[in-house]
Trainee: 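Attaching a single structure in structure tokens format; questions to follow.
Proteins come first, then strands; the chains are lettered A, B, ... in the order of their sequence lines, and each starts at number 1.
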Amino acid sequence: MIQNNPIGRLIAHFVLILGIVVVAFPIYYTFVASTQTLQEIIRPPLSLLPGGHFWENYSSALFGGVGRIGGVGVDRLLWNTVVMALGIAIGKIIISLLSAYAIVFFRFPGRMFFFWLIFITLMLPVEVRILPTYKVMVDLGLIDTYTGLTLPLMASATATLLFRQFFMTIPGELVEAARVDGAGPWRFFKDILLPLSKTNIAALFVILFIYGWTQYLWPLLMTNRNDMSTIVVGLRKMISFADADTEWHLVMVTCILAILPPILVVVLMQRWFVRGLVETEK
Amino acid sequence: MASSNNVTFPNKLLPYLLLAPQLAITLIFFYWPASQAIYQSVLREDPFGLSTQFVGLGNFRRVISDPNYLNSLQVTIVFSVATTLIAMTIALLLAVMADKVIRGKNIYRTLLIWPYAVAPAIAGMLWLFLFNPSMGTLAYLARSAGYNWDPLLNGNQAMVLVVSAAAWKQISYNFLFFVAGLQSIPKSLIEAAAIDGAGENKRFWTIVFPLLAPTTFFLLVVNTVYAFFDTFGIIHAVTGGGPGKATETLVYKVYNDGFVNLILGDSAAQSVILMIIVIALTAIQFRYVERKVHYG
Amino acid sequence: MASVELTNIRKVYGGGVEAVKGINIAIDDGALCVLVGPSGCGKSTLLRMIAGLETITEGVLKIENSVVNDLGPAERDIAMVFQNYALYPHMKVYDNMAYGLRNRGMPKGEIDKRVREAAQTLELGHLLERRPRELSGGQRQRVAMGRAIVRNPKVFLFDEPLSNLDAKLRGQMRVEIKNLQRQLGVTSVYVTHDQLEAMTLADILVVMNGGVVEQIGAPLDIYEKPASTFVASFIGAPPMNLVHVTANSAGLLLKDGTHIGAEGLAIPAEGAQIGFRPEDLEVVAGSQQHIGGLLLDLTVRGVEPVGAESYVYGDIGGDKVVVRVAGRSVVEPGDHLRVIVPKEKLHLFDAKGKRI
């Protein structure tokens, strides 16, 4: 290791701190705003330090019945978002585990055809084919349902490819040993493959949870009723710069509530998340 | 000799059952709509929706010759290039610095990855809150300094705002990959360069940066895809494509034409063009993946 | 415990590659059969067919007199020790050994008894709560053995189990495996490419090459009477020396045209190879005549002292040979030696390499 000079290291710390200020400032400032009164927020400049209305604002946003969006409480929106994020993450993991298992550990006619059928979906984000997908959803009666919010986003090649890649690193001998030990496909999956995939599953869970939580266009289109909306979409509906009635202090609280859960998931599960992200490369 | 590739279970029916859920979802929610998009893109509906007519590539021709579409294409390119460049440069700078420090590496990382968890739409709102002319503190400061700041009226300023929000959100992602890329460069190479008399700056540009090329290239593609598609939320939440279509990106226009203006044929044709762009980008990325396989 | 019988076993892969070309082997109850050969000779494929991990294209495989061709690996009552051990990385040693028994629905108490017995036999008692990655190579090897033993199967299968160990440990484990197999009396099939391992372990040695059996027999019989030049040069270290000869009216000719005395050897018209082991050569002094042996001139090319003995490398009539000499060797590269091979130590192979 080459010795850095202390000045260079000092500059590095300085640049990093500056970077953190840039990166964290918008979030921090929103938090600051969420602890102020409405009057303080709409008369800039806003103080750099949190105000004294934390409990007041948060309790009225969560329980006070004000800050409702089209008559729907923040708690309901948060719940919808949790359902969507968890549904997508868990559903995707299960579906991808199964299909990757089939592709790696079985030989059957059409195997490569199916693999490519799935692989091609890697290429097209929802945004690209949004209108026809919307029509399918209408025809199937899935608008304003949890199924509509989650199911269509569960099939994606990304997770399948990750599991496939990982499964292919499992030594063939291990499969053979399991077969000699009397384990059929199901036992092998349950006793050996799943425990070995733990880290991958955890990493993918974080990535997919974030993916589900941060969806915007999809819930925007798939929900007409406000009580089926997610917090991200609901927040957008709360904001109106033209409207003098916007309760900005409660908007800020909602904003913090909308970004806190995914940030907690990322920070607390950082170890797996970073490994998973860099390994899956998307 | 046994290789993991030929070790399998002999079941016949089971693999199809395992694949069924994913295939069903993929067919219903992917292939069916995608084929609908292609089908729609060659049809034209009359304004009352009473009859449809086959128009071949007519919709495509109309779309491509539409000045609004060309404007939108230009907006998308400016937006993508600016976002990608800013997000990657800042991330690389931070990653190089993080590689230098010995103490506090993990704390820095923890504090720098937050924006990854923030939804693009919310990222847009956070920045709008800081910069909106009526109550944004930073907008207030800019105006106090005599700068005429109003992104809701000035198209260029609106672009600056959405690019900032989009780049801000992507810094974390790029940072993590650059850090991983830097860590994978063998220390011995850098030591050899030091012995060869290369100073710190020279070492970076002649050894580190070229060896980072695979990571950089990968991120370039990912960031471009991100700027093209994932930033719908930012545009929708911050500017709604305005003022005067100054920030109307291609994805936003597909949405706008399809859901707001209800011009189905044009919207479908635009979808198909976008699909072609994504496939091209993925193909480029795939070549990179292949290369990576070759060089280990 | 059971006999294993292979009749005309063939393996043809999808692409038409014939990996195993009709093999017949009968292994008696309790015997240790070693399949040896260079890599790609089909020995591993054959073992995996016995295990049920590869399908048998043609032929009949019997374990304990019943045909098992169509049974899965778990139904054949075999246990296998893999080259890379194939221990389940997320399970403790105890669970690794118990897994196969649990899958068979054995009562807990019985499983526990068997695992602890096997652990005692293999001196693994103190490691039962560890995970594979916390074990040394030798310990992992023992766990793999233990997993086979607890099953108390009809047949043990070993797929190059020692190839990942260092030389010293390999020697120790070889002895242990042999003793264990004797003690348990379980019929075993053991695959290796190491001829020393093969010689020391085998009750029956099967030398394979190119998908066919070159020779089957007791190890020492094979050593003393190799059926072909392939076996002769594969079994024994250093391998048997082979010198090409042709006959003409004047006597015998070596590769480079040197004449040698015929000594009553019947050489076929198309030529032959004379084989002799490195330890069967004797250096003779001066021009002294010897009856009952083949006299040859050897040019020394190099000497390798290994301690108790030395290997003298050189050539005889254009063929490379090795001579094993006790203790220190006094010869130098470039020296010319006269050596003699006693007639009863000569092996004669025809032009195709078959023993005459």
Trainee: Work out which heavy atom in Pro73(C) is nearest to a heavy atom in Arg179(A); give both atom names and the distance.
Mentor: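 What the structure gives for the nearest pair is CD-NH2, 3.6 Å.
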Trainee: Could you tell me which non-hydrogen atom of Leu174(A) sits nearest to which non-hydrogen atom of Leu87(C), and how far apart they are?
Mentor: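 Residues Leu174(A) and Leu87(C), closest heavy atoms: CD1-O, 3.3 Å.
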Trainee: How close do Val180(A) and Ile78(C) get, counting heavy atoms only, and between which atoms?
Mentor: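 Nearest pair, atom of Val180(A) first, then Ile78(C): CG1-O, 3.7 Å.
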Trainee: What residue, out of Arg147(C), Met91(C), Met80(C), has the most heavy-atom pairs lying under 4.5 Å from chain A?
Mentor: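 The option with the most such pairs is Arg147(C).
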Trainee: Given a strict heavy-atom distance threshold of 4.5 Å, which part of Arg76(C) is in contact with chain A: side chain, backbone, both, or neither?
Mentor: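 When you check distances to chain A, no heavy atom of Arg76(C) falls under 4.5 Å.
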Trainee: Any idea which of Leu53(C), Leu101(C), Leu157(C) has the most non-hydrogen atom pairs under 4.5 angstrom with chain A?
Mentor: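 Result: the option with the highest number of such pairs is Leu53(C).
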Trainee: Around atom CD of Gln120(C), are there more than 12 heavy atoms from other residues, nucleotides or ligands closer than 6.0 Å?
Mentor: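 It does not: Gln120(C) CD has 12 such atoms or fewer within range.
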Trainee: If I measure from the heavy atoms of chain A, does Ala144(C) come under 4.5 Å with its side chain, its backbone, both, or neither?
Mentor: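 For Ala144(C), no heavy atom lies under 4.5 Å from chain A.
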Trainee: If we define contacts as heavy-atom pairs under 4.5 Å, which of Gly52(C), Ala86(C), Pro89(C) has the most with chain A?
Mentor: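 The answer is Ala86(C).
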Trainee: Please say whether more than 12 non-hydrogen atoms of neighbouring residues, nucleotides or ligands are located less than 6.0 Å from CZ in Phe14(A).
Mentor: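 Not more than 12 within 6.0 Å, no.
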Trainee: Is a side-chain donor or acceptor of His90(C) paired with a backbone partner of Leu193(A) at a separation under 3.5 angstrom?
Mentor: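 The answer is no, because no donor-acceptor pair under 3.5 Å joins these two groups.
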Trainee: If you round to the nearest 0.5 Å, how far is CD of Glu54(C) from CD of Glu176(A)?
Mentor: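 So the CD of Glu176(A) and the CD of Glu54(C) are separated by 7.5 Å.
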Trainee: Is there a donor-acceptor pair closer than 3.5 Å between any side-chain N or O of Glu173(A) and the backbone N or O of Phe82(C)?
Mentor: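 No.
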Trainee: Taking atom NZ as the centre, does Lys62(C) end up with more than 12 heavy-atom neighbours from other residues, nucleotides or ligands that are less than 6.0 angstrom away?
Mentor: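 No, because the 6.0 Å sphere around NZ of Lys62(C) holds 12 heavy atoms or fewer from other groups.
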Trainee: Can you tell me if Asp181(A) uses its side chain to pair, donor with acceptor, with the backbone of Tyr99(C) under 3.5 Å?
Mentor: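 Not confirmed, Asp181(A) side chain does not pair with Tyr99(C) backbone.
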